[in-house]
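Structure first, commentary second.
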Protein chains: 2
Amino acid sequence: MATIDDVARRAGVSTATVSRALRGLPNVAEATREHVRRVAAELNFAASRSASSLASGRTNTVAIVVPHVTRWFFGKVISGAEEVLRTAGYDVLLYSICDARARERFFAKLPLRGRADAVLVLALPVTAEEVGLLEGLGVPVGLVGHRARGLISVGIDDEAGARLAAQHLVNLGHKRIGLITGDDDPLRFTTPRTRRTAFREVLRANGLPSGPELEAEGGFTFAGGERAMTELLSRPSPPTAVFAISDEMAVGAMKSLRRHALEPGRAVSVVGFDDHEMAEVLDLTTVAQPVAEQGSTAASLLLRQVSGHRPDRPERIVLPVRLIVRGTTAPPSS
Amino acid sequence: MATIDDVARRAGVSTATVSRALRGLPNVAEATREHVRRVAAELNFAASRSASSLASGRTNTVAIVVPHVTRWFFGKVISGAEEVLRTAGYDVLLYSICDARARERFFAKLPLRGRADAVLVLALPVTAEEVGLLEGLGVPVGLVGHRARGLISVGIDDEAGARLAAQHLVNLGHKRIGLITGDDDPLRFTTPRTRRTAFREVLRANGLPSGPELEAEGGFTFAGGERAMTELLSRPSPPTAVFAISDEMAVGAMKSLRRHALEPGRAVSVVGFDDHEMAEVLDLTTVAQPVAEQGSTAASLLLRQVSGHRPDRPERIVLPVRLIVRGTTAPPSS
DNA sequence: CTGTTAGCGCTTTCAT
DNA sequence: ATGAAAGCGCTAACAG
């Protein structure tokens, strides 16, 4: 592998000039630059990342910390962020944290220390202590899906989303409205709690029952949603409508309803959250949120800070949600 | 951030000893090692990755090249690989290549040059030229989902899987069997072709019709599967059974069938591929493949090569598939 | 506009 | 078992 010295020698200039020419810095004669470029190409030269990192202190890398690469939502967010980062010339380091042990190890060792110019953390509700550790990294930190004082954050208004769903079902005249949540305990996501609280408030404000007997846990998965709905149906007085806080769970719930000969949108109404690809095809009423965009927005903010932008106050961007009414919601059948 | 010199000074030893002690190399007195460890911890020291890479020539990083982080299959493979790599102390660099342009750029610049000790490429059917470029990286390269001469590869027997599905439907007595494939042209995956060919062979061998008029393209997505099934149903003489080469498409197909009042498993049989989480809940007959395991297996092989193992012949591992018969397949109804 | 010269923070012989 | 010292390949002042 050719080094910068090989290029310099062959081009008849100094290494400094090669470095400048190749990185597009000013103060290089256009002719020289062209010449250096040609020689570098001939030699198939590419600057060693570790050498330039060591010398410059920059890594040209951004770390993304994510629970469950496997989940649709996170995959989308990652790919949104990845594209922005890649385009800006940054590499993406992936840290997947799928259980409490991994999380502990991650924060204990912070393997990304010194490896990234910025960090993007998805959905993990970073504790005060963890925030401290991340800040100690000395690079900009961005959060998607929840906030923490002092850090960039991008997300949606979960309360508003949940309220939209709840109010829609209330307006249709439902009196017993269930909730399929996803508590995912080991990683302690905040989203489920936030949505649940807002959801309950709407019910209470409308004089409707709410609470554990109308709620079930679906772990954010299709199978979990199916189980949760089945459980709700087995309760003494089952709901006539449910709000599932993810589309995947909502679709699982629809499956359960059909299995019980309860047509979604007729016997029981269902509202999901996300506007997953399946929602449209299945005619599922849902609270739509921009997903990839949360990743790309966060990545852009992060890069701005990397290149010196120092906002006066922590940047927090809230992307809009909206209710998409489709066929799975209707007035109660009786 | 403390450097190795700080630790050495404070511990009263040389930097060489610190380096050895902290990396667990031999020839360090146990007492010294313990002492150095303690001091390092006090100072919150972590060796700079770029400095050690530069000095040692190793990066402790593995790159994963993947199309569509967003797709269930790839997410699973990544997380399988990630776990093995993380456990072995390697970081994961993610390169997502979701269209032909990105692919071209990637191979033109090979941004991972010098950044990784090994490369894992998922599903991209690497052309001879691309294989050359990857080999030129000078690090072990592993492939998941297809093979190339000289490179490690891990996958399943796609022919066998497709045959299993086809034969099952033939045995049930179906005479017109459709195929929902996913050609995904821009990236030219080989999997769809392989499965289609094997599938057609079985039909032909059994004297049954096959070919384009019984096939439709579903792009590996739920919505695509739904469209593909709808298209098949609109043809002059629609199939009484279909094989979708992914579960997500199979589930989409089931949706289409229901919309046409054709109960899957009664009016029309459906077989999927993957054994996605949804398959069990939806009672979908499918060809099961180990997914995360393909990632972890490939990662392990790669790491073995990184640490010097030189197999005599290219390593190719084929993981087993099996047919799981569930409720969506039955003899033709008429 | 270009060259010289120090490092960046580690690893790795080679001595001792 | 430990230390001294020479780089690894690049960037960033500083001169000119």
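All heavy atoms count here, side chains included; hydrogens, waters and symmetry mates do not. In what follows, chains are A, B, ... by sequence order, proteins preceding strands, each numbered from 1.
- Between B:R58 atom CZ and C:dT12 atom C1' there is a gap of 10 Å when expressed in whole angstrom units.
- Summarising the geometry, the separation between CG on B:D6 and P on C:dC8 is reported as 11 Å, rounded to the nearest angstrom.
- A 6.0 Å sphere centred on CZ of A:R101 holds no more than 12 heavy atoms belonging to other residues, nucleotides or ligands.
- For the residue pair B:R115 / A:T61, a side-chain donor-acceptor distance below 3.5 Å is found, with atom types taken as modelled.
- Checking A:N44 against B:R113 by side-chain atom types alone, a donor-acceptor pair falls below 3.5 Å.
- Within residues 45-57 of chain A, the residues having any heavy atom under 4.0 Å from DNA chain C are, by residue number, A:L54, A:A55.
- Contact detail for B:A118 and B:V139: the closest heavy-atom pair is CA-CG2, 3.9 Å.
- Rounded to a whole Å, the NE2 atom of B:H35 is 16 Å from the C1' atom of D:dA1.
- Scanning residues 11-34 of chain B for heavy-atom distances under 4.0 Å to DNA chain C yields B:A16, B:S19, B:R23.
- Within 6.0 Å of atom CD in A:E34, more than 12 heavy atoms from other residues, nucleotides or ligands are found, so the atom counts as buried in its surroundings.
- Between B:D5 atom CG and D:dA5 atom C1' the separation is 13 Å, expressed in whole Å.
- Residue-environment remark: CZ (B:R147) stays at or below the threshold of 12 foreign heavy atoms within 6.0 Å.
- As a whole-Å value, the separation of A:N60 CG from D:dT11 P is 10 Å.
- The neighbour count for B:E83 CD, taken as heavy atoms of other residues, nucleotides or ligands under 6.0 Å away, does not exceed 12.
- In the displayed structure, B:R33 atom CZ is contacted under 6.0 Å by more than 12 heavy atoms of other residues, nucleotides or ligands.
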